[in-house]
Q: 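The following block contains the structure, expressed as structure tokens.
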Amino acid sequence: MTIRAVVRGVGHYLPDRVVPNSELEATVETTDEWIRTRSGIERRHFAAEGQTTSDLATRAARAALADAGLAPDDIDAIILATSTADLTFPSAATMVQAALGMTRGFAFDVQAVCAGFVFALANADALIRSGQARRVLVIGAETFSRLMDWSDRTTCVLFGDGAGAVVLEAAEGAGTSADRGILATDLNSDGRYRDLLYVDGGASTGTTGHLRMQGKEVFRHAVEKLAQTAHAALDKAGLTSADVDWIVPHQANLRIITATAQRMQVPMDRVVLTVQDHGNTSAASIPLALSVGKARGQIKPGDLVVTEAIGGGLAWGSVVLRW
Ligand SMILES: CC(C)(COP(=O)(O)OP(=O)(O)OC[C@H]1O[C@@H](n2cnc3c(N)ncnc32)[C@H](O)[C@@H]1OP(=O)(O)O)[C@@H](O)C(=O)NCCC(=O)NCCS
């Protein structure tokens, strides 16, 4: 008998305000055509003034709990992946815990930037498989609009705000790749690349800071490392690309997503795409895509799903799971 972390519920929340590329044309020296052709992004959502990352996360969490048919106190742990926590501390996860009215268990944030949700899933899987938690709420939530330097057109057009969440629950499996739940994870980071993508603020500056990125270099690493990590996770699960029903990639750039799918030899009609509607929502992008993919009727019970993501650090990884 093998313990597996199985997805019991999924949900998401997007702020009301939708900002199409045409709206950015008014304030940034850019065009709808440039943004579409270079990134695949057509619109993104921005949080309202005063609406924080933990607010978005709480709404996504409620949606996932409702989908699972569970109450907050049925949950043993909350792991929130974010780089835009409301405050330096306490963790945004404990704010969500309080907002949900959850009075037991424990909550903490995971910070692996755009790869955060993959890292959070791997942590939740470890907690469940080691018997430390039976049900874990795993959330990705971000307000990256607040990290943008609006005078830097190479970055400010690419990001958006949002949140997604899944409820993972312990279940007995046979220990084979036919089991439902998380089958394998692969995590990596290489701090030598810190200057490729970072925020120039924090405890060392006393400011929140702005996102800085060497886009071309990040692009190059992404195309190489995402297929690599996805293959590594599939290998660990004893599976190959031919077994994949859905790639649910980090939604940063359509060209990166396409190049990765090509390297994995998975056709694009097996890839869940939300980048056009959400932009890059960092750690929120994969759970958003899982939730939207399920709502569209793409992801169904029993499907083999591969998630892969890369972000600042660099940090990158992949999770293979059967829905
Ligand atoms: C950022 C990115 C879209 C830029 O695409 P690119 O094809 O590399 O574009 P370049 O940086 O070569 O810029 C091409 C030109 O467009 C211009 N440009 C940059 N941003 C622009 C914008 N928003 N609107 C119009 N023109 C823009 C540049 O100034 C440059 O002009 P030049 O040729 O006169 O110097 C691309 O590098 C990328 O997606 N990188 C990965 C980023 C990413 O996903 N990061 C997150 C990972 S979590």
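Only a predicted model underlies this, so the values are computations on that prediction, with no experimental measurement involved. Position 1 is the first residue of the sequence; numbering continues from there.
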Q: Can you tell if the side chain of W246 reaches within under 4.5 Å of the side chain of V271, non-hydrogen atoms only?
A: no
Q: Please determine whether residues I286 and L197 belong to a single hydrophobic cluster, defined as Ile, Leu, Val, Met, Phe, Trp and Tyr linked transitively by side-chain heavy-atom distances below 4.5 Å.
A: no
Q: With no hydrogens and no angle check, is any side-chain donor or acceptor of D200 less than 3.5 Å from a backbone partner on H210?
A: yes
Q: Any sub-3.5 Å donor-acceptor pair from D149's side-chain atoms to S151's backbone N or O?
A: yes
Q: What's the verdict on salt bridge (charged side-chain N to carboxylate O under 4.0 Å, His left out) for R8 and D67, showing C-alpha distance, side-chain angles and the deciding distance?
A: CA-CA 8 Å; R8 172 146 173 189; D67 188 48; over 6 Å; no
Q: Of the non-hydrogen atoms in A315 and A115, which two are nearest, and what is the gap between them?
A: O-CB, 3.5 Å
Q: Would you call R212 and D195 a salt bridge, using N to O less than 4.0 angstrom?
A: no
Q: With a cut-off of 6.0 Å (strictly less than), are more than 12 heavy atoms of other residues, nucleotides or ligands near CZ of R220?
A: yes
Q: If you measure from CD on E142 to OG on S285, what distance do you get to the nearest 0.5 Å?
A: 9.5 Å
Q: Taking side-chain contact (heavy atoms from CB on, under 4.5 Å) as the criterion, tell me which of L24, L158, L14, D161 meets it with R44.
A: L24
Q: Using side-chain hydrogen bond (donor to acceptor under 3.5 Å, both in side chains) as the criterion, list what pairs up with S241, not counting sequence neighbours.
A: H231
Q: Without swapping roles, check the side chain of Q262 against the backbone of A259 for a donor-acceptor pair under 3.5 Å.
A: no
Q: Exactly one of D76, D74, D73 should register a salt bridge (charged side-chain N to carboxylate O under 4.0 Å, His left out) with R104. Which one does?
A: D76
Q: Do Y13 and L137 belong together in a cluster built from hydrophobic side chains that touch within less than 4.5 Å?
A: no
Q: Please confirm whether the backbone N or O of D277 pairs with a side-chain atom of T274, one donor and one acceptor, at under 3.5 Å?
A: no
Q: Evaluate N253 against F219 for side-chain contact (heavy atoms from CB on, under 4.5 Å), listing each step before the verdict.
A: CA-CA 9 Å; N253 183 309; F219 194 102; 4.2 Å; yes
Q: Can you list the steps and then say if V306 with V248 is a side-chain contact (heavy atoms from CB on, under 4.5 Å)?
A: CA-CA 6 Å; V306 177; V248 182; over 6 Å; no
Q: For S22 and D32, what are the C-alpha separation, side-chain angles and deciding distance, and is it a side chain to side chain donor-acceptor pair (under 3.5 Å)?
A: CA-CA 6 Å; S22 56; D32 172 49; over 6 Å; no
Q: Over all heavy atoms of both residues, which pair between A283 and G116 is shortest? Give the atoms and the distance, please.
A: CB-CA, 4.3 Å
Q: Can you sort out the partners of T37 under side-chain contact (heavy atoms from CB on, under 4.5 Å), two or more places apart, ordered by chain and number?
A: E33
Q: Kindly compute the distance separating OG (S282) from CG (L288), expressed to the nearest 0.5 Å.
A: 11.5 Å
Q: Looking at side-chain heavy atoms only, is the closest gap between L321 and D125 below 4.5 Å?
A: no
Q: Which atoms form the tightest heavy-atom contact between G162 and A284, and what is the distance?
A: O-CB, 3.3 Å
Q: So how far is it from L304 CG to R322 CZ, rounded to the nearest 0.5 Å?
A: 5.0 Å
Q: According to a hydrophobic-cluster definition based on side-chain heavy atoms being under 4.5 Å apart (Ile, Leu, Val, Met, Phe, Trp, Tyr only), do I79 and M95 belong together?
A: no
Q: Are K236 and D186 close enough for a salt bridge, meaning some N to O gap below 4.0 Å?
A: yes
Q: After noting the C-alpha distance and the side-chain angles of T143 and T52, does the key distance pass the side-chain contact (heavy atoms from CB on, under 4.5 Å) rule?
A: CA-CA 7 Å; T143 47; T52 64; 6.0 Å; no
Q: Contact between L80 and T94 at the side-chain level, heavy atoms closer than 4.5 Å - yes or no?
A: no
Q: Could you give the distance from SG (C156) to CG (L147), rounded to the nearest 0.5 Å?
A: 12.5 Å
Q: Search all heavy atoms of D86 against all heavy atoms of A92 and return the closest pair with its distance.
A: OD1-CB, 4.4 Å
Q: Measuring only between side-chain heavy atoms, which start at C-beta, is T84 closer than 4.5 Å to R146?
A: no
Q: Tell me if a side-chain donor or acceptor on E308 pairs with a main-chain N or O of L226 at a distance below 3.5 Å.
A: no
Q: Can you give me the closest heavy-atom contact between A309 and H250, atom names plus distance?
A: CB-CB, 3.5 Å
Q: Would you compute the distance between atom CG of L65 and atom CD1 of I75 and round it to the nearest 0.5 angstrom?
A: 5.0 Å
Q: I want to check something: taking the side chain as every heavy atom from C-beta on, are T82 and F144 in contact at a cut-off of under 4.5 Å?
A: no
Q: One thing to verify: whether R59 and D55 come together as a salt bridge, which I'm taking to mean a side-chain N less than 4.0 angstrom from a carboxylate O.
A: no
Q: Should the ring pair H12 and H278 be called parallel, tilted or perpendicular, given that the plane angle runs from 0 to 90° and is split at 30 and 60?
A: tilted
Q: Look at atom CD of Q265 and say whether more than 12 heavy atoms of other residues, nucleotides or ligands are closer to it than 6.0 Å.
A: no
Q: Using only atom types and a distance under 3.5 Å, with no angle test, would you say the side chain of D109 pairs donor to acceptor with the backbone of A81?
A: no
Q: Indicate yes or no: at least one non-hydrogen side-chain atom of V275 is less than 4.5 angstrom from one of N280.
A: no
Q: Would you mind reporting whether R4 and I182 have side-chain heavy atoms less than 4.5 Å apart?
A: no
Q: What pair of heavy atoms forms the shortest contact from M102 to I78, and how long is it?
A: SD-CD1, 3.7 Å
Q: About how many Å separate NE2 of H221 and CD1 of I256, when rounded to the nearest 0.5 Å?
A: 11.5 Å
Q: side-chain contact (heavy atoms from CB on, under 4.5 Å) with A237: which residues, sequence neighbours excluded?
A: L183, A184, L239, V320
Q: Flag the pair M268 / L273 as yes when at least one side-chain heavy-atom distance between them is below 4.5 Å, and no otherwise.
A: yes
Q: Under 4.0 Å between a side-chain nitrogen and a carboxylate oxygen: does that hold for R36 and E42?
A: yes
Q: What's the verdict on salt bridge (charged side-chain N to carboxylate O under 4.0 Å, His left out) for E49 and R17, showing C-alpha distance, side-chain angles and the deciding distance?
A: CA-CA 11 Å; E49 212 180 312; R17 185 171 166 220; over 6 Å; no
Q: Would M264 end up clustered with I310 when hydrophobic side chains under 4.5 Å apart are linked, directly or stepwise?
A: yes
Q: If only atom types and distance count, is the side chain of D243 paired as donor or acceptor with the main-chain N or O of T240 below 3.5 Å?
A: yes
Q: Taking V110 as the starting point, is it possible to reach F106 by hopping between hydrophobic residues whose side chains are less than 4.5 Å apart?
A: yes
Q: Mark yes or no for whether R180, through its side chain, and W323, through its backbone, hold a donor-acceptor pair below 3.5 Å.
A: yes
Q: I would like to know whether W316 and D190 meet side-chain contact (heavy atoms from CB on, under 4.5 Å); could you show each step before the answer?
A: CA-CA 9 Å; W316 68 101; D190 190 336; 4.0 Å; yes
Q: Are the side chain of T229 and the backbone N or O of K225 linked by a donor-acceptor pair below 3.5 Å?
A: no
